[in-house]
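Just the heavy atoms: all of them, side chains too, but no hydrogens, waters or symmetry mates, feed the values below. Indexing begins at 1, ligand by ligand and atom by atom, following the structure's order. This chain uses plain numbering: 1 for the first residue, then up along the sequence.
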Amino acid sequence: MKNIYSNILKFNSKNLIKIIKILKKNGIICLPTETVYGLGGNAYSYIAIKKIFEVKKRFKKNPLIIHYYNLSHAKKDVILDQDFYKVYKKFSPGPITYIVKKKNNSRIRPIACANLKTVGIRFPKDKIIRKLLKKLNFPLAMPSANKSSGVSPVKPSDVFEEFSNKIKVLDGGISKIGIESTVLNLVGNICILRPGIITPKQIEKVLKISIKISPKQTTIKSPGSLKKHYSPGIPIYMNKKKCPDKYAFITFGKKYPVTRNSFNLSKKSNLSEAAKNLYKFFRNIKKKGYKKIYVTKIPNEGVGIAINDRLKRASK
Ligand code: AMP
Ligand code: MG
């Protein structure tokens, strides 16, 4: 049996040096963030970016999010406006990605952005990833550390399930948030391209405009909005009141009885707790051998918008 632990690196100064070395030599590595685990590489390196796309089997037109330590690093590559500064001040570092204009002399490799003139930038909050970013003189291109269209990993053993011994994983424990960042488009019509834990209402309060979740997109603006995504690989049926015993039943709130096949996202009806449990349940259910997943109705408000978005795409 493969030894999973030989591949998982504990966070300490020796391993931090090891990881920096890997990244400087155009290598890639799985890293923790507060949302989900990412597969990171030097955003200025063509070789590293190519590896990320290959390992993930990612569609070339799906741009990567570029992760920075702070604004002075980001300013070298992107153009930032007043709206950006308002949301940045309120929400970053944190679980939100901003789509902004790329500078002409930006060093970000065009393939990292699928040759678009825009870039998705994020300033993650997780302490470990911040310690690493602070020590690097380049930003990290970092999509979620899973094979394309699958479920994002929220702990080191999930990452191991995706890539086995191929790629090292830095252990940062369980991701605090458990679903991917909110993607906010700030170029042209301001809108949310992917809902997340930071909700439209919170952004509206800061920008003082109405924020819509992007309707159908003609070109691929944000492939996180591609229809099939986040899928555990078995059929999912939403808005179900009951579920046959042989299928897994994902529930929410206290009115559902505890049964052998039920998985309650949050007995307290807390949507953030539900978001954190969602991918964990997808993986557990699959491992237990269930062939179908039924899900009860999840309130479509606040963080529930992001949960329903993932469920909808996972059920395609
Ligand atoms: P992930 O692969 O899970 O990290 O998701 C990255 C998300 O950010 C996807 O939905 C991408 O489409 C989106 N994204 C990254 N860069 C851009 C960009 N320049 N324009 C629009 N969406 C972007
Ligand atoms: Mg992803």
With ring centroids as reference points, do Tyr44 and Phe138 lie under 6.0 angstrom apart? no
If the cut-off is 4.0 Å to any non-hydrogen atom of Gly120, which atoms of ligand 1 fall inside it? 16 (N), 19 (N)
Is it possible for you to say whether Leu132 and Phe11 belong to one hydrophobic cluster, with membership spreading through side-chain heavy-atom contacts below 4.5 Å? yes
Before we go on, tell me: are the rings of Tyr294 and Tyr237 under 6.0 Å apart, centre to centre? yes
N, O or S atom of Tyr230 closer to the Mg ion (ligand 2) than 2.8 Å: no
Using the ring centroid of each side chain, check whether Phe123 and Tyr88 are separated by less than 6.0 Å. yes
Which atoms from ligand 1 have a heavy atom of Thr118 less than 4.0 Å away? 18 (C), 19 (N), 20 (N)
Presence of salt bridge, Lys312 and Asp309, under 4.0 angstrom: no
Quick one: which ligand 1 atoms are inside 4.0 Å of a heavy atom on Val119? 19 (N)
Consider every N or O of Lys56 and every N or O of ligand 1, then say whether any pair is closer than 3.5 Å. no
Using a strict 4.0 Å cut-off to heavy atoms of Ile99, name the atoms of ligand 1 that fall inside it. 17 (C), 18 (C), 20 (N), 21 (C), 22 (N), 23 (C)
Looking at ligand 1, would Arg58 count as a contact under a 4.0 Å heavy-atom criterion? yes
